[in-house]
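First the structure, in the form of structure tokens, and then the observations on it.
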Amino acid sequence: MSQPNAQNVRHLAFIMDGNGRWAQSRGMPREFGHKEGAKVFRRLAEYCSDIGIGCVTTYALSTENLKNRSRAELAALFILLKEYLKDAMVTAPKNDTQVKIIGDHSPLPADLREMIKTVERETSIYHKRLNIAVNYGGRDEIVRAVNRLIADGHTHITEEDIDSALDTGGCPPPDMIIRTGCEIRVSNFLLWQSAYSEYYFTDTLWPDLTEEEINRALDDFNSRHRRFGGA
Ligand code: FPP
């Protein structure tokens with residue numbers, strides 16, 4: 001395998017697309033794809049941490065997915081998430097990683113909300129960060145952030161205020177966003193934070209994404225000239 005070069009990447013984000021197609025191409029139900037996708041999520045989140053990336057954000061469920069996916073599919077995703085959160089309580093100290101579920105928790109099942117609260121509290125002392133976006137929408141996140149600032153008494157809001165009031169508050173902006181699954185769009189993900197992110201789109205379906213391809217995406221990132229609006 002090629003060597004990872006992640007030294008310029010403080011925050012890597014993933015749009016994990018393609019579980020459904022991966023399963024259907026094998027004659028299996030979509031839920032089977034999510035199960036495989038969750039295994040890959042666990043493996044690659046750990047890989048990113050091992051190669052020194054301090055913050056990873058993954059898109060597991062959008063606000064639109066929550067409205068439009070079947071009950072069975074959502075139930076399967078919630079089970080996978082609960083299994084992961086349970087395990088994260090054990091692995092967080094070893095990985096030195098705090099886990100945060102970004103997005104609007106209010107419509108999620110009560111037992112899942114309770115687990116999220118516990119995991120976020122218990123892991124908050126660790127230094128690396130893993131954000132999992134669930135019932136997440138970038139527009140919704142900005143609106144919630146601004147409303148929080150207003151409720152806190154702000155009458156004049158700066159960019160820094162919004163940065164810290166977002167669900168990703170405390171994280172640097174994503175250096176690169178990798179989207180699997182053949183689609184070339186942003187899908188309401190990290191709209192504010194991605195102002196100067198580099199994108200890497202791949203036809204690989206999420207369950208087929210490998211460490212090797214992440215290394216290739218990092219090489220691609222390192223070959224780009226980031227100008228941040230400069231010449
Ligand atoms: C979108 O593509 C993906 C999702 C709605 C779910 C992604 C979830 C995971 C990768 C598992 C997450 C698990 C944990 C524990 C965080 P799609 O699957 O709808 O695929 P399609 O575009 O091929 O239909």
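Remember, it's 1-based here, ligands and their atoms both numbered in the order they're listed. The analysis underlying the following values was restricted to heavy atoms, covering all of them including side chains, and did not include hydrogens, waters or symmetry mates. Note that the structure is a prediction, hence the values are computed from the model and not measured.
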message: Heavy atom to atom 11 (C) of ligand 1, shortest distance: which of A133, A38, G20 holds it?
response: A38
statement: Heavy-atom proximity to atom 1 (C) of ligand 1 ranks first, among V99, V40, D17, for D17
I'd like to check which ligand 1 atoms, numbered from 1 as shown, lie under 4.0 Å from a non-hydrogen atom of [X].
{"X": "N65", "value": "5 (C)"}
{"X": "W206", "value": "10 (C)"}
{"X": "R21", "value": "21 (P), 22 (O), 23 (O)"}
{"X": "Y84", "value": "15 (C)"}
{"X": "A60", "value": "4 (C), 5 (C), 6 (C), 7 (C), 8 (C)"}

Just checking, is any N or O donor in the side chain of [X] or [Y] under 3.5 Å from an acceptor N or O on the other one?
{"X": "Q193", "Y": "T168", "answer": "yes"}
{"X": "N215", "Y": "Y47", "answer": "yes"}
{"X": "H127", "Y": "D96", "answer": "yes"}

query: Rounded to the nearest 0.5 Å, what separation is found between the CG atom of D161 and the CZ atom of R148?
result: 12.5 Å
CD1 on I101 to CD on E120, rounded to 0.5 Å: 6.5 Å
May I ask whether [X] places a heavy atom under 4.0 Å from ligand 1?
{"X": "G33", "value": "no"}
{"X": "Q24", "value": "no"}
{"X": "R30", "value": "yes"}
{"X": "G181", "value": "no"}

query: Going by an N to O cut-off under 4.0 Å, is there a salt bridge joining D17 and R179?
result: yes
- line: atom 8 (C) of ligand 1 has as its nearest protein heavy atom N19 ND2, 3.5 Å
message: Let's go through N131 and R129 carefully: what are the C-alpha distance in whole Å and the side-chain angles of both, what is the deciding distance for side chain to side chain donor-acceptor pair (under 3.5 Å) to 0.1 Å, and is it a yes or a no?
response: CA-CA 6 Å; N131 298 314; R129 172 108 164 235; 2.8 Å; yes
- request: Please report the shortest heavy-atom distance between L74 and R69, naming the atom on each side.
  value: CD1-O, 3.7 Å
- request: Answer yes or no: does an N/O atom from G18 fall short of 3.5 Å to an N/O atom of ligand 1?
  value: yes
message: Would R69 count as being in polar contact with ligand 1, using the rule that some N or O on each side must be under 3.5 angstrom apart?
response: yes
query: Can you tell if the side chain of D167 reaches within under 4.5 Å of the side chain of R144, non-hydrogen atoms only?
result: yes
